[in-house]
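What you are looking at is a predicted structure, and each value in this text was computed from that prediction instead of being measured. As the structure lists them, so they are numbered: ligands from 1, and atoms in each ligand from 1.
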Amino acid sequence: MTNKDLADLIFPNITKTVEDYEKIYPERDLPEGVYVTRFAPSPTGYMHIGGFYQALIDYIIAKNSNGIFYLRNEDTDKKREVETAVQLIMETLNKYKIIPDEYEYKEEIIGNYGPYIQSERIEIYHAFIKRLIEIGRAYPCFCTKETLEDLRHNQEEKKMRTGYYGRFAKCRSISIEEAINRIKNGESYVIRFKSLGDFNNKIIFEDLAKGRLSLSENDIDEIIMKSDTMLPTYHFAHVVDDHLMHTTHVVRGEEWLPSVTKHIEMFKAFGFKPPKYIHTPLIIKKEGDSVRKISKRKDPEASMSYYEEKGYPEMAVIESLMTIINSNYEEWHNANPEKTFLDFKFSPKKMSSSGALYDLEKLNNISKNYISKLTKEEVYNGLLKWTKEYDKEFYELITKYEDYTKNILNIEREQKKPRKDYASYSEVKGQIFYMYDELYNPSTYEWVNITDKEEINKILNIYIDKYFDVTDKEVWFNNIKLLTDELGYCSNMKEYKENPDNYKGSVADISTVLRVALTSKSMTPDLYEIMRLLGKDRIIERIKKLEEEL
Ligand code: GLU
């Protein structure tokens with residue numbers, strides 16, 4: 001009985017060999033210095049910001065070098081409905097235009113290195129496991145859960161390193177005959193990798209982000225194939241897939257760093273060259289004076305759906321993530337405001353090693369700035385798209401009053417220093433609702449200095465009777481000044497500041513009365529523009545209604 005007999009017993013139908021697959025998936029025909037990256041999420045039905053962050057890095061690395069960015073769905077922990085989860089991943093990447101060059105979606109495979117869904121690659125993994133068994137580098141392990149728990153307890157009691165290694169790797173020494181018999185008897189087993197490493201030996205591992213690390217060699221006989229599904233574990237699938245798909249750079253969470261020596265040993269067992277690794281820091285956030293890991297359970301912003309629901313422009317979200325991907329991004333972008341993140345040269349060395357601090361306030365600033373620079377058409381289209389999904393009522397209104405809405409959105413826009421008022425599309429309605437009679441139904445008015453009802457009525461009436469004019473901004477303002485003087489307020493702010501006691505108030509107070517009367521708000525964008533767009537009829541109507549209420 002030989003290893004080959006054992007391998008044939010376990011995989012009787014696997015006829016293709018490692019060499020066959022090497023031929024099916026040949027080296028990519030790419031020039032030197034062109035990188036291949038992949039985003040390899042486990043489809044869970046939830047898109048974590050940390051995953052998207054990694055995808056973004058993968059994408060930039062590939063695009064920086066004119067290389068390939070592909071998507072691989074790692075569904076070997078198959079307990080959930082994968083299809084909708086894959087859909088979520090694809091839709092998110094598409095939304096942000098982080099489009100993979102190769103992927104598998106809705107039964108269509110784009111690219112020559114597929115399938116790109118791991119559960120569809122089971123025969124490939126089996127061929128590779130079969131090879132390891134044949135060469136004596138993998139073996140069936142029959143240890144039950146209980147045996148393994150006992151082992152762990154024993155090791156813990158003796159204060160030894162826990163794990164299935166060295167003399168603790170019981171099933172290593174089972175003879176081929178015995179293994180064959182036990183399998184034939186229907187005993188349940190997993191396949192383990194047989195490590196040749198020595199934990200006391202150090203190897204130098206170079207992580208592109210974290211630098212040179214001295215790590216203990218792996219000596220754990222890791223499980224590479226599960227018993228029930230015969231699917232590979234992450235560790236093994238990683239080695240096979242990233243080899244066959246010719247990934248040059250693996251970007252993945254730092255939680256995988258402790259496993260990297262296992263992976264390197266497995267690559268070596270096949271005689272393959274491992275890829276380069278970039279282990280990314282955790283995304284963290286401030287909480288009080290300390291920082292903590294961003295949490296799926298506690299923080300809505302941990303999910304990419306948050307940004308969609310709030311209506312943040314995709315580019316603003318990308319920009320905010322870029323600032324935590326590379327510490328020099330912001331400076332670069334300030335110096336090159338016309339360029340996009342795709343022009344930026346990513347450097348793994350400029351990644352934070354202690355955690356990437358994400359901050360919604362920062363996102364809001366970036367987003368306000370971004371939206372302020374859009375044209376009215378662009379904001380309108382962004383708003384249309386968002387409201388269509390999340391606010392039907394407003395969607396219908398802005399569709400009905402398309403030009404009017406564009407003019408509203410254009411107030412203090414398309415100029416050198418545009419107004420930065422919206423961080424997301426969900427904020428727009430709350431800031432311009434008063435421009436629509438359908439939405440304007442104030443129950444409170446934010447009166448400021450002038451609060452006396454009779455005084456307010458008087459100001460408004462005289463304004464409408466004698467001074468209303470919105471054909472020209474200068475004339476408009478001059479009229480307000482005339483009104484101001486007529487009523488005993490001061491139209492010259494400088495003079496007013498010097499002698500406030502000589503007057504009932506200032507031109508600013510008068511304007512505020514008009515502003516509040518027409519919008520209910522004490523702070524709005526340019527009042528002249530608002531009044532011009534509202535028009536005389538609507539203004540008179542609002543003032544009349546207000547008078548009735550006062
Ligand atoms: N499927 C793994 C995860 O979601 C991917 C790690 C990797 O990128 O290799 O954590």
Side-chain angles (χ1 to χ4, degrees), residues 35-62 67-80 82 85-86 88-90 92-93 98 100 102-104 113-122 124-125 205 207-210 218 222-226 229 231-267 272-283 293-296 302-304 325 346 348 351 356:
Y35 300 144
V36 179
T37 60
R38 88 296 194 272
F39 178 41
S42 302
T44 59
Y46 179 92
M47 183 77 153
H48 193 276
I49 187 172
F52 187 74
Y53 171 90
Q54 284 159 14
L56 194 53
I57 298 175
D58 284 315
Y59 186 71
I60 309 169
I61 294 179
I68 304 286
F69 163 64
Y70 70 89
L71 173 68
R72 180 172 71 230
N73 276 296
E74 306 213 319
D75 62 339
T76 59
D77 265 328
K78 242 185 174 329
K79 287 188 192 88
R80 300 164 257 244
V82 173
V86 171
L88 174 74
I89 293 163
M90 274 311 276
T92 308
L93 294 180
I98 305 298
E102 298 171 10
Y103 59 90
E104 177 170 349
Y113 292 84
Y116 296 92
I117 296 182
Q118 285 185 330
S119 58
E120 295 171 18
R121 300 172 61 78
I122 193 155
I124 304 176
Y125 304 123
F205 166 71
D207 183 89
L208 293 189
K210 298 188 185 291
N218 174 59
E222 186 62 46
I223 297 176
I224 56 176
M225 188 182 90
K226 300 175 226 182
T229 53
L231 281 165
T233 54
Y234 165 75
H235 308 287
F236 193 70
H238 155 52
V239 171
V240 173
D241 290 347
D242 284 312
H243 171 70
L244 290 180
M245 296 179 179
H246 302 281
T247 310
T248 62
H249 290 63
V250 167
V251 177
R252 64 182 182 187
E254 67 184 9
E255 67 274 16
W256 294 112
L257 190 56
S259 311
V260 76
T261 50
K262 276 176 203 163
H263 305 153
I264 290 173
E265 194 187 356
M266 289 184 204
F267 277 105
F272 301 152
K273 185 172 163 239
K276 293 196 164 36
Y277 289 93
I278 294 174
H279 287 97
T280 60
L282 285 174
I283 309 251
K293 183 179 157 190
I294 217 164
S295 136
K296 182 170 163 179
S303 168
M304 289 311 286
I325 283 179
F346 165 80
M351 293 186 78

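At a 3.5 angstrom cut-off on N or O pairs, Pro41 does not count as close to ligand 1. The shortest N or O to N or O distance between Ser42 and ligand 1 is under 3.5 Å.
Each of the following atoms of ligand 1 lies closer than 4.0 Å to a heavy atom of Arg38: 7 (C), 8 (O), 9 (O). Near Glu74, meaning under 4.0 Å from any of its heavy atoms, are these atoms of ligand 1: 1 (N), 2 (C), 5 (C).
Ranking protein heavy atoms by distance to atom 5 (C) of ligand 1, first place goes to Ala40 O, 3.1 Å. Tyr234 OH, 2.4 Å is the protein heavy atom nearest to atom 9 (O) of ligand 1. Nearest protein heavy-atom neighbour of atom 10 (O) of ligand 1: Trp256 NE1, 3.3 Å.
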Please lay out, stage by stage, how Glu254 and Lys210 fare under the test side-chain contact (heavy atoms from CB on, under 4.5 Å). CA-CA 10 Å; Glu254 67 184 9; Lys210 298 188 185 291; 2.9 Å; yes
Could you please spell out the steps behind the side-chain contact (heavy atoms from CB on, under 4.5 Å) verdict for Met90 and Leu71? CA-CA 9 Å; Met90 274 311 276; Leu71 173 68; 3.5 Å; yes
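Taking the six-membered ring for Trp and the full ring otherwise, His243 and Phe267 have centroids separated by 6.0 Å or more. Checked against the 6.0 Å centroid criterion, the rings of Tyr234 and Trp256 qualify as a close aromatic pair.
Side-chain N or O atoms of Asp58 include none that pairs as donor or acceptor with a backbone N or O of Thr37 at under 3.5 Å. Checked by atom type and distance alone, the side chain of Thr233 pairs as donor or acceptor with a backbone atom of Ile223 at under 3.5 Å.
At a heavy-atom cutoff of 4.0 Å, ligand 1 is contacted by no atom of Phe39, backbone or side chain.
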